[in-house]
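Reviewing the structure listed below.
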Amino acid sequence: MLDPRLLRQDPHGVAERLARRGYAFDATAYAALDDQRKTLQTQAEELQAERNQRSKSIGKAKAAGDDIEPLKAAVAGLGERLDAAKTELEQVQAELEAIQQDLPNLPDDAMPDGADESDNRVLREVGTPRAFDFAVRDHVAVGEGLGGLDAPTAARITGARFTVLSGGVARLHRALIAFMLDTHTGTGYTEVNVPYIVNADALYGTGQLPKFGDDLFRLVEPEDYYLIPTAEVPVSNMVAGEIIEPERLPLRYVAHTPCFRAEAGAAGRDVRGMIRQHQFEKVELINIAHPDDSTACHEAMLASAERVLAALELPYRVVDLCGGDIGFSAARTFDLEVWLPSQETYREISSISNTRDFQARRMGARYRDAETGKPRLLHTLNGSGVAAGRALVAVLENHQQADGSVRVPDALVPYMGGLRTIVAA
RNA sequence: GGAGAGGUGGCCGAGUGGUCGAAGGCGCUCCCCUGCUAAGGGAGUAAGGGGUUUGUAGCCUCUUCGAGGGUUCGAAUCCCUCCCUCUCCGCCA
C-alpha cells in the first residue's frame, strides 16, 4: 500500500514513478474520486457531530431531570440522513481502496528501467562455470542415476510438479538446509519456526492478496486459510500490528519452511525436474528495519545469501531487477542466479527485496521513534538465503562427476556425516 | 470435542446505557525539592483518519475498549454471530 497522503498530494508524481514499472495509474480519475470522497466525508462527519452533540445534551437533560421527549423528537430523521451519508461515503471509499490495493510499490530511484527480465542489470558474476570433459547431465538424470530423485512416483502420489527424494540426495537436501540455517544464525540471525498455514489477513499484509490469490493453495476449511507461498508471509507478519522499540531494530529472522505455489499461468514452463515445483523448501531471511537502515540491511542480506553460494562452490551472478521484472511489493530487488551447466545459463536461486514501508503499511507494523516518541512505519525486507530445492539442483549439476557420482562441497561434508561423494545406492 | 472464565491505552487493571478515550497503578517525559543516590511533591503521557495549513505546529472534526452485525436519540456497558487466550475434562503427536 502506498502512502494515501502522497497519493492525494501528488497523484501525477506517483503515476510517473509507477510508469517506470509498467503500471498505468490514472491519476486524474483518482484525484476526482478523492475530491468526491472529501465532500462526502465532510458531510457525513458534520451529521455525525450533530448527532453526537444532541445525544450528549439529551444525556445532560436526563441527568438534570428534564423532559427529554421534545429533544428526542428534534433528532428524528437525523439518523436516517446520517446512514445515507455514510453509505454514500463508504461506496466511494471502497472504490478508492480497491485502487490503492492494486497499486504496486514505488520503485527505488536506483532501480534500473526496463520492460522485462532481459533488461535486468547484471551487477557482477562470481565464480567460473566449470569446464566439463564429459557429457553434462541435467539434475534429473544425475538424481535418477543416483537412485535418489523420482518424479513418476510423486506423480502417482499427487500429480505433476512434485518429486520424491531419497537416500543421499534426500540427505543432501537436508544438509543444505541445515548448513544455511547455521550460516545465518552464525551471523546474528534468529532462527524461527512458523506456521505453514496462514490466514487471509497475513497474505494481505505482505501483498499476495487480494491480487495474487490465483497462485495460492487455499484450504477448503477454514476457507480463509492458505498454505504459505514463502516464509516471508508468516515471518514478516510477526510484527503486524506491533509497535517495536527502536533499540531492538533491526530484527533479523531466518526460517526454513516449505513453500506451496499453484504456479497458475506457468503451464509448460520448466516442466522437467525440480526447478518449478508446487512444493519446495527454502531458507528465508527477513529483516525488520528502521527506515534509515533498510538500504544497508538490503546489501547485508545480499551478502549473506552470496556467502551461501560461495561456500557451496557454485558460480552465480547478481542481478538488479528492472521495472518490468520486479515484484508487486518490492521497491528494489536483487536476484542471485546460479549457473546451471545443463541449461548453460543462470537461473534464479534467491530474490532479495526491500519493500520499504509498503508491507508495513498494510500490516500496521511500526516502531517508536526515539526522538518524537511517536509510532512510525517500519521497513520490511525479505530474501531467500537460499532456495533449497534449486540449490540441490545446482549442486547436483555443478558437482557431478564423470562416473555419475556427485562431489559434496566441503562446507556440506559435516552435514553429510563426513560423506564426500554421493554414489548410486 | 465438552464445561467454565476472560479479551479495555506501552504494561497492569477499574468501569453504573449518557457529562467515558475511559478511574487507579506501573512505566516514560518535564519541572520542583534534596550538596551524590534513594525517597518525596507537581504536571504531562493512546492510536488512526479527514478538514484547514507552506507545515510531521496549532485549531476543528470523525473513528477506535478482540472482530463483525443489531437494539437505542446515545453502547466499553444490552442482544446475536465469530475469533483468540486461560483453566478443567476428553482425545492425541
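Treat the numbers as computed from the prediction; the structure is a model and nothing was measured. Convention: sequence-line order gives letters A, B, ...; per-chain numbering from 1.
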Quiz item: For nucleotides 55-65 of chain B, read 5' to 3', which letter fits each nucleotide if B means a protein heavy atom sits under 4.0 Å from the base, S means only the sugar-phosphate is that close, and - means neither?
Solution: ------BSS--
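For B:C80 and B:C91, the P atoms lie 33 Å apart once the distance is rounded to whole Å. Rounded to whole Å, the C1' atom of B:U53 lies 39 Å from the corresponding atom of B:G69. Going from the C1' atom of B:G90 to that of B:G4 covers 15 Å, rounded to whole Å. Nucleotides B:C79 and B:G21, compared at atom C1', are 24 Å apart to the nearest Å. If you take atom C1' in B:A76 and the same atom in B:U72, they sit 16 Å apart, rounded to whole Å. Across the P atoms, B:C11 and B:U16 are found 23 Å apart, a figure rounded to whole Å. Spacing between B:A23 and B:A38 at atom C1', rounded to whole Å, works out to 30 Å. Taking atom P in both B:A57 and B:G48, the straight-line distance is 12 Å, to the nearest Å.
You'll find the side chain of A:Met180 stays beyond 4.5 Å of the side chain of A:Thr183, heavy atoms only.
Atom CZ in A:Arg362 sits about 18 Å away from atom C1' in B:G48, given to the nearest Å. If you measure from atom CG of A:Leu47 to atom P of B:G74, you get 13 Å, rounded to the nearest angstrom. B:G48 atom C1' lies 13 Å from atom CD of A:Gln93, rounded to whole Å. Straight-line distance from the CG atom of A:Leu96 to the C1' atom of B:G49: 13 Å, rounded to whole Å. Between the NZ atom of A:Lys374 and the C1' atom of B:G9 there is a distance of 13 Å, rounded to whole Å. Separating the CG atom of A:Asn199 from the P atom of B:A67 is a distance of 15 Å, rounded to the nearest angstrom. Computed from coordinates, the A:Asp3 CG to B:G48 P distance equals 13 Å when rounded to whole Å. A:Glu247 places its CD atom 12 Å from the C1' atom of B:G10, with the value rounded to the nearest Å.
Taking the six-membered ring for Trp and the full ring otherwise, the centers of A:Phe212 and A:Phe328 sit less than 6.0 Å from each other. Taking the six-membered ring for Trp, A:Tyr196 and A:Phe260 have ring centres at least 6.0 Å apart. Note: A:His278 and A:Phe217 meet the aromatic proximity criterion, with ring centroids under 6.0 Å apart.
Within the shown strands, nothing qualifies as a pairing partner of B:G21 under the Watson-Crick or G-U definition with both distances less than 3.5 Å. Pair check for B:C59 finds B:G51; Watson-Crick or G-U wobble, both atom distances under 3.5 Å. Across the strands present, B:G1 finds its partner in B:C89; the criterion is a Watson-Crick or G-U wobble pair with both atom distances under 3.5 angstrom. Base pairing analysis places B:C30 opposite B:G42; the two distances defining the Watson-Crick or G-U wobble pair are each below 3.5 Å. Here B:U37 sits opposite no nucleotide as a Watson-Crick or G-U wobble pair (both hydrogen-bonding atom distances under 3.5 Å).
A salt bridge between A:Arg407 and A:Glu313 is present, with a side-chain N of the basic residue lying under 4.0 Å from a carboxylate O of the acidic one. A salt bridge is defined here as a Lys NZ or Arg NE, NH1 or NH2 lying under 4.0 Å from an Asp or Glu carboxylate O, and A:Arg276 with A:Glu263 meets this definition.
Looking only at atom types and distance, the side chain of A:Ser351 has no donor-acceptor partner in the side chain of A:Thr333 under 3.5 Å away. Between A:Asp325 and A:Asn120, the side chains place a donor N or O and an acceptor N or O closer than 3.5 Å (distance only, hydrogens not considered).
If you check every strand for non-hydrogen atoms under 4.0 Å, A:Arg361 touches nothing. Heavy atoms of A:Arg37 sit under 4.0 angstrom from primed sugar atoms or phosphate atoms, though from no base atom. Among the heavy atoms of the strands, none lies under 4.0 Å from A:Pro4.
In the set B:G51, B:C84, B:G48, the nucleotide with an atom closest to the side chain of A:Tyr225 is B:C84.
Here the closest non-hydrogen pair linking A:Ile99 and A:Phe25 is CG2-CE1, 4.0 Å.
The nearest heavy atom of RNA chain B to A:Gly79 and to A:Ile243 marks one nucleotide each, and the one closer to the 5' end goes with A:Ile243. When the nearest nucleotides of RNA chain B are assigned to A:Lys38 and A:Pro375 by heavy-atom distance, the more 5′-ward of the two goes with A:Pro375.
Partners of A:Asp35 according to the salt bridge (charged side-chain N to carboxylate O under 4.0 Å, His left out) rule, which considers only residues two or more places apart in sequence or in another chain, do not exist here.
A:Glu50 CD: more than 12 foreign heavy atoms inside a 6.0 Å radius.
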Just the table, please: protein N/O against nucleotides 17-21 of chain B N/O, every pair under 3.5 Å.
| from | atom 1 | to | atom 2 | distance (Å) |
| --- | --- | --- | --- | --- |
| B:G18 | N2 | A:Ser55 | O | 2.7 |

